[in-house]
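Notes follow the structure.
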2 protein chains.
Amino acid sequence: MAETLTATALTLKDIAREAGVSLATVDRVLHNRPGVRPDTVRRVQAAIERNSFQPHVAAAELARGRARRFAFVMPSGPNPFMQQIEAYLGEMSAWLSARRLSVEMVATDVFDPSVLAASLEALSGDYDGVAVVALDHPSVRAAINDLVDAGTKVVTLVSDVPSSRRHHYVGIDNIAAGRTAGALVGRLVGQRSGKVAIVAGSQGLRDHAERIFGFNQVMASEFPDLSVLPVLEGRDEDDRSEQVLARLLGRHADIVGLYNVGAGTQGVAKALSDAGRIDVVFVGHDVTVLTRRLLLQGVMDAAISQNPGHEARAAVRVLLALARGEPILREQEKIRIDIVMRDNLP
Amino acid sequence: MAETLTATALTLKDIAREAGVSLATVDRVLHNRPGVRPDTVRRVQAAIERNSFQPHVAAAELARGRARRFAFVMPSGPNPFMQQIEAYLGEMSAWLSARRLSVEMVATDVFDPSVLAASLEALSGDYDGVAVVALDHPSVRAAINDLVDAGTKVVTLVSDVPSSRRHHYVGIDNIAAGRTAGALVGRLVGQRSGKVAIVAGSQGLRDHAERIFGFNQVMASEFPDLSVLPVLEGRDEDDRSEQVLARLLGRHADIVGLYNVGAGTQGVAKALSDAGRIDVVFVGHDVTVLTRRLLLQGVMDAAISQNPGHEARAAVRVLLALARGEPILREQEKIRIDIVMRDNLP
DNA sequence: CTCAAAATGAGTTGCGTACCTCAAAACACC
DNA sequence: GGTGTTTTGAGGTACGCAACTCATTTTGAG
């Protein structure tokens with residue numbers, strides 16, 4: 001009737017006895033310190049495996065003394081999504097300090113590869129882990145690899161750099177997100193035919209590029225009556241997004257759909273309103289105070305949402321697990337894509 | 001440019017000095033042990049507050065010595081959703097044993113209040129925490145309260161008993177889930193009018209009752225052309241669900257919609273197929289191997305999903321936080337309602 | 001003021017690991 | 001066989017807290 005899910009609680013001492021070696025040797029093996037014969041290493045590891053021994057994480061944490069420091073490298077400027085991530089990290093502060101973890105926010109211009117790379121290089125050595133909203137660019141990739149080589153655990157957040165040796169990516173599958181956006185725009189436009197506009201922050205941000213890719217994929221294959229206009233770049237800024245979109249709306253009277261890939265949503269909405277074009281099907285990202293209002297007003301038709309709280313917490317948990325050498329609960333840290341419309345606003 | 005989110009790392013000794021008392025007194029206050037004047041208590045608490053002191057969780061965990069034991073009281077019988085919860089708990093086993101936590105599964109007949117209550121009473125004293133899929137019944141409520149009084153932390157899982165003194169509920173808002181189901185059935189039925197059937201496990205399970213309530217609410221207010229038939233009870237068993245539904249389908253030729261509130265989905269699907277009525281809009285719960293297939297086959301039209309992995313992990317985390325006296329990250333532990341249709345099967 | 005009860009201080013032990021030192025043993029090489 | 005090097009053992013200290021004992025001080029009631 002009752003079935004237990006955990007092993008018994010052995011200690012290092014038990015493993016030492018099992019393997020017929022001293023505590024010191026087990027310690028050397030566990031932390032792959034030098035000075036142990038390969039044969040002995042194997043014997044110790046066998047004993048660990050055999051008993052599926054797990055070091056007591058609390059004891060390990062206590063013994064190491066120093067606190068762990070993590071840095072979150074995030075875009076400077078007023079990006080609501082990023083502000084939410086910060087806010088959720090703030091809510092964790094009791095949790096963090098009970099574990100003697102410190103999390104520092106580093107604001108930088110993530111749109112400029114050299115600036116971002118320099119910000120990353122500057123962190124080297126000071127931190128146990130770094131979470132970064134990363135532009136996919138060779139110099140950024142190099143900076144990430146340097147951090148990894150220096151022993152720092154690195155996770156990419158929201159936007160990935162898969163060609164780097166980062167340990168983990170915390171964020172959604174952006175191609176799938178783009179596909180979802182495409183399907184939504186297509187379905188919501190309905191029978192009408194016409195043009196579809198795309199506003200992105202930068203095509204250098206991998207998340208944006210991937211979303212655009214997925215979006216175009218769906219548009220091409222499933223909605224041949226809609227033609228997609230060249231991508232506008234608004235650098236996730238309201239003013240800039242508004243300007244470029246306003247100009248486009250002026251030139252094309254037959255725009256029926258709009259996909260806003262990143263931030264700058266306020267500017268996009270303003271351009272639509274000012275042009276009297278709120279009939280345009282408008283799909284964007286993230287549920288914020290602003291997008292919530294736009295959805296309720298009917299200016300925006302759907303938001304593709306990734307839970308920022310989940311991303312913030314997942315990034316911390318993953319960095320911590322990496323630093324401790326614990327396995328990552330992949331299922332837990334996976335970020336899902338949510339479709340939010342007026343009727344199911346959370 | 002960099003902003004830190006955590007306090008400095010004080011220790012109990014620092015608090016003792018601050019408050020002008022000894023370590024022993026701080027310890028007494030922290031664990032509300034007797035023998036401290038109210039005035040002194042206040043002084044110590046003030047010092048703790050003032051420095052937003054957090055005891056080092058690793059040190060506390062190490063010092064208490066004994067491992068924590070949690071029990072999960074779950075329905076016996078082959079309920080796929082519950083099996084998934086068990087499976088996800090299994091995936092956590094390394095995580096659990098690194099923290100010296102043991103989780104035991106206790107299978108019982110959650111549909112029989114006295115049996116369930118007895119199972120709960122039997123756990124008293126042996127466990128630090130209990131997660132229970134609970135029937136809302138006075139004797140179950142009493143059993144939960146007894147556990148709480150004995151110092152055991154109790155969370156209700158999937159189905160709540162809000163009138164009890166359980167510490168937390170891990171599960172979705174079932175009224176909202178029922179409303180969502182109602183909206184889906186209504187929209188997917190479209191212009192047709194006719195009758196709508198409901199199959200539930202038991203109306204005594206609060207989750208089922210609440211879903212039905214929400215469902216009826218939406219049907220009444222938004223879909224007046226659809227009339228809801230009396231609820232069938234299938235006790236979450238395939239055979240029984242099939243029988244009761246088959247009989248109903250025989251009596252009513254104009255059934256256009258069906259809401260399966262709990263498990264027994266296989267039986268429900270079989271009744272529909274055997275009666276040649278797969279045109280009926282069928283909305284159910286949970287994404288399992290079975291419902292996935294039914295969705296792909298078009299037998300089922302939508303599934304309301306709550307992530308079982310998330311529920312399992314949240315229950316463990318909440319029990320652990322409660323046992324340690326840590327705050328609960330409510331945002332993190334909240335379970336969301338997902339709508340899953342053929343096109344967005346995860 | 002006296003005396004018992006209540007409150008507090010001072011101290012100890014142990015939890016399981018990390019990290020360190022130093023000495024002893026085993027080994028490889030010539 | 002002797003040398004130097006590598007490997008291993010033995011042991012200690014520290015981490016921050018829980019939980020305990022026992023002595024001492026303070027308090028309040030009479």
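If you run side-chain contact (heavy atoms from CB on, under 4.5 Å) between B/P55 and each of B/L10, B/T11, B/V26, B/L30, only B/L30 comes through.
A heavy atom closer than 4.0 Å to some atom of DNA chain D occurs in A/V21, A/S22, A/A24, A/T25, A/R28, these being the qualifying members of residues 21-28 of chain A.
With a cutoff of under 4.0 Å to any heavy atom of chain B, the contacted region of DNA chain C is bounded 5' to 3' by C/dA7 to C/dT17. Here the range on DNA chain D touched by chain B, meaning any atom under 4.0 Å from one of its heavy atoms, is D/dG16 to D/dT27.
With the end axes of the helix from C/dC1-D/dG30 to C/dC30-D/dG1 each set by five pairs, the angle from one to the other reads 10° at 10° resolution.
Residues meeting the side chain to side chain contact (heavy atoms under 4.5 Å, CB included) test with B/V73, sequence neighbours left out: B/V106, B/T108, B/L116, B/L120, B/L123, B/V130, B/V132. A/Y169 meets the side chain to side chain donor-acceptor pair (under 3.5 Å) test with A/N174; sequence neighbours excluded. Residues passing the salt bridge (Lys or Arg N to Asp or Glu O under 4.0 Å) test with B/D128: none are found, sequence neighbours excluded. Applying the side chain to side chain contact (heavy atoms under 4.5 Å, CB included) criterion to A/A312, with sequence neighbours excluded, gives A/I85, A/Y88, A/L89. Listed by chain and number, the residues in a side chain to side chain contact (heavy atoms under 4.5 Å, CB included) with B/A60 amount to none (sequence neighbours excluded). Every residue was checked against the side chain to side chain contact (heavy atoms under 4.5 Å, CB included) condition with B/P34, not counting sequence neighbours, and none meets it.
Residue pairs that meet the salt bridge (charged side-chain N to carboxylate O under 4.0 Å, His left out) test with at least one member in residues 147-172 of chain B, sequence neighbours left out, are B/D149-B/R165, B/D160-B/R166.
For the pair B/S124 (side chain) and B/E121 (backbone), a donor-acceptor distance under 3.5 Å is absent.
Within 4.0 Å of A/G65, counting heavy atoms only, lies no atom of the nucleic acid at all.
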Apply side-chain hydrogen bond (donor to acceptor under 3.5 Å, both in side chains) to residues A/R317 and B/Q332 and explain how you reach the verdict. CA-CA 12 Å; A/R317 278 193 305 257; B/Q332 170 171 236; 2.3 Å; yes

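Comparing B/R43 and B/A59 along DNA chain C, the residue whose closest nucleotide (by nearest heavy atom) sits nearer the 5' end is B/R43.
Salt bridge annotation for A/R324-A/E61: present, with a cationic side-chain nitrogen under 4.0 angstrom from a carboxylate oxygen.
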Would you give me the side-chain donor-acceptor pairs under 3.5 Å for residues 135-143 of chain B, sequence neighbours excluded?
{"residue": "B/D136", "atom": "OD2", "partner": "B/R206", "partner atom": "NH1", "Å": "2.5"}
{"residue": "B/H137", "atom": "ND1", "partner": "B/S139", "partner atom": "N", "Å": "3.1"}
{"residue": "B/H137", "atom": "ND1", "partner": "B/S139", "partner atom": "OG", "Å": "2.9"}
{"residue": "B/R141", "atom": "NE", "partner": "B/S163", "partner atom": "OG", "Å": "2.8"}

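There is no side-chain donor-acceptor pair under 3.5 Å between B/R50 and B/Q45.
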